[in-house]
Amino acid sequence: MNQFTITNAIIVPLTEKKEVVQTGYVRVKDGIISDVGREPAPDGETGPVLDANQQILLPGLINAHTHLYQVLLRAVWEDLSLLPWLKRIYGVAEVLEPDHLYAGSLLGCLEAIKGGVTTVCEHNFLNPHPECAGETVRAIRDSGLRGVFARTIMNTGEIVPLCVREKPEEAFQLIERLLADHFNTTADGEKERISFMVGPNTPPINTTGELLKEIRSFADRHSIGISAHVAESQSVVDFVREQHGRPGVVAYLQDYGIPGEKSIFAHCVHLSNEEIQILRKTGTSVSHNPVSNMMLGDGVAPVIEMLREGVNVALGTDGAASNHSQDLFETMKVASLLQKVHHRDAGVIDPYTVLRMATIGGARALGLDRICGTIELGKRADLILVESRVPHNQPINNLFSQLVHCAKSSDVQTVVVNGRILMRNREVTELDEGRIISEAQRAGRDLMQRLAEG
Ligand SMILES: [Zn+2]
């Protein structure tokens with residue numbers, strides 16, 4: 001359907017205006033929001049009409065940092081802090097096959113769609129076979145989601161198995177092939193649905209300074225962004241101090257030009273005030289992943305301090321191996337409550353800010369803010385409809401707060417990405433849900449068995 005109209009919706013565009021349209025309509029034509037406003041809609045072509053019946057229409061949520069295939073590893077290592085946990089995660093590379101990545105990533109995408117996420121940023125870091133990255137990209141493409149695929153490189157580190165320690169020149173060649181494959185084999189109208197980034201994985205514990213310089217020049221040469229895990233735990237900060245004599249990870253990365261307008265740093269839990277200034281001055285975005293930070297006992301990211309300084313903060317789930325879900329509604333609530341309790345100040349963060357972090361904040365962090373993240377004329381139609389008439393969402397007294405603190409991902413009824421309806425009344429329209437679940441079960445069992453034998 002290349003044209004349709006959603007009517008009778010409570011529209012929350014999530015622009016700077018902080019407005020709500022109580023009974024509104026949105027027209028979608030060729031994947032783009034061609035009209036939006038208060039009813040009655042002016043005359044004009046409508047295409048088929050979807051009556052939202054007073055459901056809440058939001059821009060789709062943006063998961064700014066995850067590792068999709070890790071849904072196969074939910075709740076497997078949940079009592080470990082970051083470095084021993086990473087050792088296990090990296091160890092998966094010894095038995096990981098491209099099939100696991102496809103089946104797991106597709107399940108991760110299905111969970112995203114069913115939870116109202118329309119864009120995922122996949123931070124990819126285990127590539128024991130050349131096909132691994134491509135299989136994850138294929139899963140995102142098949143899912144219909146908008147995706148950013150950040151292909152990272154590791155070339156050092158005691159806890160990194162040899163099979164995923166790459167020679168940078170070979171890794172860069174593989175990334176160039178991945179980009180070429182995507183642009184050569186994808187239909188014109190679909191090309192922009194998936195974009196790419198490059199990155200170090202968790203500097204400096206698994207990347208050398210030389211590699212950081214090469215990553216910066218590769219990113220510039222291809223006009224793509226950089227994604228990295230940054231200052232996730234105190235142990236990483238201790239490492240950079242002991243091994244490199246720098247006060248923090250951001251300060252260290254600044255030496256190699258890694259911060260920048262197209263850079264997204266996941267976590268940023270342990271930062272000095274000076275490092276927050278580096279993020280601000282360079283226009284670097286942060287993906288805040290509170291559930292994962294809490295699960296691994298990392299600490300509390302200085303979200304309020306970053307927001308006050310004007311740093312763009314997005315929200316991510318992180319992989320399911322440290323979350324254990326891909327639920328961005330849950331992440332919004334946790335992000336809000338964690339700052340309130342950390343600062344012992346109930347008013348320290350407002351729900352509208354949290355909603356913007358989960359939408360336009362993510363879009364900005366991923367270089368997609370002209371494409372999605374708000375409901376505005378001319379943007380791509382990445383939209384979700386959330387049921388309001390369920391006991392836990394009624395009565396509506398403060399819509400923004402209730403979307404963050406009351407709504408559940410299972411309230412999402414309809415999901416539209418790029419003008420394609422991927423879910424209608426909770427039924428996915430383009431995917432075989434049962435088959436994706438059974439194939440992921442099989443892949444998960446196989447992966448766990450290989451891990452047990454290995
Ligand atoms: Zn991560």
Side-chain angles (χ1 to χ4, degrees), residues 62-78 80-93 96 101 104-105 108-109 111-112 117 119-127 132-133 136 140 147-154 157 159-160 164 197-207 225-233 235-237 249-250 253 258 263-270 284-299 301 313-328 330-331 334-335 362 365-366:
I62 294 180
N63 188 349
H65 180 84
T66 186
H67 316 283
L68 289 164
Y69 89 95
Q70 282 187 6
V71 293
L72 301 184
L73 298 167
R74 283 183 219 276
V76 176
W77 300 296
E78 60 180 6
L80 299 173
S81 61
L82 182 69
L83 290 181
W85 178 84
L86 273 181
K87 192 165 188 235
R88 299 296 185 101
I89 287 289
Y90 294 165
V92 173
L96 191 67
L101 285 160
S105 298
C109 289
E111 185 179 354
V117 168
T119 298
V120 290
C121 177
E122 162 72 21
H123 178 103
N124 149 274
F125 62 87
L126 289 185
N127 289 293
C132 286
T136 306
I140 300 170
V148 177
F149 185 80
R151 168 46 157 102
T152 69
I153 306 170
M154 302 192 278
I159 60 173
V160 181
V164 280
M197 287 188 171
V198 66
N201 183 26
T202 307
I205 64 169
N206 49 39
T207 43
I226 291 178
S227 171
H229 291 118
V230 173
E232 182 172 353
S233 68
S235 53
V236 184
V237 178
V249 180
V250 172
L253 291 174
I258 297 297
S263 296
I264 176 167
F265 289 178
H267 304 302
C268 289
V269 175
H270 299 276
T284 305
S285 290
V286 170
S287 172
H288 174 47
N289 313 303
V291 177
S292 173
N293 296 158
M294 293 165 81
M295 193 66 82
L296 292 168
D298 289 330
V313 182
L315 288 181
T317 56
D318 210 352
S322 63
N323 182 300
H324 306 343
S325 86
Q326 296 289 284
D327 187 333
L328 216 58
E330 178 185 81
T331 296
V334 169
L366 301 174

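Keep in mind it's a predicted model, so treat the numbers as computed, not measured. Whatever order the structure lists ligands and atoms in, that order sets their numbers, starting from 1.
- Taking 2.8 Å as the threshold, Glu232 does not count as a candidate ligand of the Zn ion (ligand 1), since none of its N, O or S atoms lies below it.
- One side chain, His123 or Asn201, offers a donor N or O that lies under 3.5 Å from an acceptor on the other.
- Between the side chains of Asn124 and His67, no donor-acceptor pair of N or O atoms lies under 3.5 Å.
- Val120 places none of its side-chain heavy atoms less than 4.5 Å from the side chain of Gln326.
- Checking His229 against the Zn ion (ligand 1), an N/O/S atom falls under the 2.8 Å cut-off.
- For Asp318, the N/O/S atom at the shortest distance from the Zn ion (ligand 1) is named OD1.
- For the residue pair Ser325/Glu330, the side-chain donor-acceptor check at 3.5 Å is satisfied.
- Put simply, His67 gets within reach of the Zn ion (ligand 1), with an N, O or S atom under 2.8 Å from it.
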